[in-house]
2 protein chains.
Amino acid sequence: MADELADGTPTGTTTLTDVARAAGVGESTASRVLRGHGSFSAKTRESVLNAARSLGYVPNRIAGTLASTGSKLVGIVIPSLSNIVFPDMLRGANTVLVGAGFQPVVAVTDYEQGREETLIESLLSWRPAGMMVAGLEHTERTVAMLRHARIRVAELLDSDGDGIDIVVGYSNRGAGGASARHLVSRGYRRIGYVGHDLSRDLRAAKRFAGFRSALVEAGLEVAAKEIIPSSSSIEAGREGLGRLLGRAPDLDAVYFSNDDMAIGGYFHCLARGIAIPGRLAIFGYNGLDVARAAPQPLSTIRTPRVAVGETGARLVCSDGPPTKIDLGFELIEGATT
Amino acid sequence: MADELADGTPTGTTTLTDVARAAGVGESTASRVLRGHGSFSAKTRESVLNAARSLGYVPNRIAGTLASTGSKLVGIVIPSLSNIVFPDMLRGANTVLVGAGFQPVVAVTDYEQGREETLIESLLSWRPAGMMVAGLEHTERTVAMLRHARIRVAELLDSDGDGIDIVVGYSNRGAGGASARHLVSRGYRRIGYVGHDLSRDLRAAKRFAGFRSALVEAGLEVAAKEIIPSSSSIEAGREGLGRLLGRAPDLDAVYFSNDDMAIGGYFHCLARGIAIPGRLAIFGYNGLDVARAAPQPLSTIRTPRVAVGETGARLVCSDGPPTKIDLGFELIEGATT
DNA sequence: ACATAGATTGGCAGCGCTGCCAACGAAAAA
DNA sequence: TTTTTCGTTGGCAGCGCTGCCAATCTATGT
């Protein structure tokens, strides 16, 4: 109530009521002015604004949200902040959401569906206006909660499967298949794979599945495979390729689970003087900056990560029927195949 | 109120009152059970939990927060999601905050102080328990708001200056100075600089200032300088070095505004066959993965970004006097100097 | 001057939940 | 048995704000 103690120390917080009183108007009038909603005279406006300014009034959206209907929060659930894919998607989503007056609340699952469930439950208790989650695979209870919440739900970065409401992504299976067909069409036949822990990264697993079946369709198979148990990184790709070539020195091409891994492989070859693509071809996934700017641009698949975030956010902010949008991907014919 | 329509369609939302009624207990009892707070019999506990489960009750933290005192939200304000520094810091902060039961709410300023002011104002209206912001430079009004909010405020990733409450970071000036002294001690004398837009990235500007004054102390100066107008990227570093060497072909070392830029420079040299470090030395900043795993590990400065986020979050969650913690940095003597 | 429509404005009931306090038993102490 | 104690429990007043509605003015129209 009282904004100041005798010594001028502010105590408690300034509320709308304080502002209204100071401006000599009713609460609702002050509320209307501060939200620029409804009608009021220019004079009233001035006095309310002055009062608010001089009292250092900060509206309380907690109360506002409770009193009105929906909140202006949007929950965003991603597996990781280390894999550039998610910050990129987050960036796209953030831009659109903020532009539409929403506030993103992020949660990171570390690729664990159990944690995802907990986090989504927790986010839902903030009564968000919408929810954006990565991928289509969730626990049964997660799906039930999301459906029950009766808000817009966008599932992003994958289009291989059915979603709850809005799906914006691209086909990971398709990307894997396209990569395989590209290698085959270039004449490579002894093709290996270096990947990271696929039990957690489900989208990488889908790519590998698509890759493998496309090879099979071409009458080939994955000649050798190296899975590193950690998450993906350049270092891991470098070591992984080293080990793979140790076991299968006759490979003529290697497919990596993503560009981080592939760049690691590229560095391995540079360091060992292995000619690319003469002696060994390298193919990645994701179209990272580093892959594009390397002395030999990496052959890879560019995905519209930022656009996925933007499109997803746009749909989450709008009404309309459930939608599925496949933003596709682009195969980059770099210099490493 | 009523949870279902005649056809079973849930309408409105299930509230605590509904749960209490279904369990045949009072609201406050239900509230206590669901929060595991206060005392209640095992039997009561069961019936409340069952009722909550069967009704699909999701607590409303908006209401809970309004009724109790503080929220469990922590606002995090960063300039960008593209520069790996910030996702890294965010990751550290996220881990600690979630562990302590807080929910991060992020906002991205695009390196604009004006937008930072607006975003902080907006975040404060959620009555967060604490605030984490990047850097020590803010508008006067931002600082006033932050002080007035009477919550913990952590300013991160920089220690060159005074903060509002908690400061966790390292000296950017110092890092620049250390880089310069390293190059000088290795015998380089014709030293150039390739940087990105410093008017926005204040910490990069501080590094350059520290770098330049250390050179001056050694009786040298920045022999040539190339500033690219965009934000930092590998591509920009590559082009920037190309242009710089075009103008000043006799340089023997180049300092880059960060590792993205430096890796770009490294790639330029690889592509042009410029011997590193024989013909040209390269020094970066940030200790990125890609810099560490390159065929020649980049000489750079490793900063404790994740630890800054963790430490900052820990302090924001605790009471105590204003604190300033310098987490330092580590000079990596790679193979490019 | 008297209506009439439209612009302004204030009062007040909640939004869903928590905190406080009084009430109620039942077990423990006298 | 009576009193004290303590674990349980329900009622109810807000938290700060918004939405609704009735009340008050003001400017026009007749």
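Throughout, protein chains are lettered first and strands after them, A, B, ... in sequence-line order, and every chain is numbered starting at 1.
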Which nucleotide wins on minimum distance to the side chain of [X], given the candidates [options]?
X        : options                   : value
Glu27(B) : dC17(D), dG16(C), dC12(D) : dC12(D)
Ser68(A) : dC15(C), dT18(C), dG19(D) : dG19(D)
Leu66(B) : dC17(C), dC15(D), dG11(C) : dC15(D)
Ser28(A) : dC12(C), dC17(D), dT9(C)  : dC12(C)

Residue among Thr142(A), Ile78(A), Val108(A) satisfying side-chain contact (heavy atoms from CB on, under 4.5 Å) with Glu116(A): Thr142(A)
side-chain contact (heavy atoms from CB on, under 4.5 Å), paired with Met89(A), selected from Val168(A), Ile84(A), Leu157(A): Leu157(A)
Angle between the end axes of the helix from dA1(C)-dT30(D) to dA30(C)-dT1(D), five pairs per end, to the nearest 10 degrees? 40°
Between [X] and [Y], is any side-chain donor less than 3.5 angstrom from a side-chain acceptor?
X         : Y         : value
Asn94(B)  : Arg91(B)  : no
Glu117(B) : His138(B) : no
Thr118(A) : Arg115(A) : no
Ser31(A)  : Arg35(A)  : yes
Ser122(B) : Arg61(A)  : yes
Ser41(B)  : Thr44(B)  : yes

Heavy-atom nearest nucleotide on DNA chain D taken for Arg61(A) and for Thr29(B); more 5' hit belongs to Thr29(B)
Check whether any side-chain N or O of Lys324(A) sits under 3.5 Å from a backbone N or O of Ile166(A) as a donor-acceptor pair, and report yes or no. no
Heavy-atom nearest nucleotide on DNA chain C for Gly24(A) versus Ala63(B): which residue maps closer to 5'? Gly24(A)
Rounded distance (Å) that lies between atom C1' of dC15(C) and atom CH2 of Trp126(A): 15 Å
Report the distance from atom CZ of Arg127(A) to atom P of dG16(C), rounded to the nearest whole Å. 8 Å
Please confirm whether the shortest side-chain N or O distance from Tyr57(B) to OP1 or OP2 of dC17(C) is below 4.0 Å. yes
Does anything in residues 31-50 of chain A reach DNA chain D, meaning a heavy atom under 4.0 Å, and if so which residues? Ser31(A), Arg35(A)
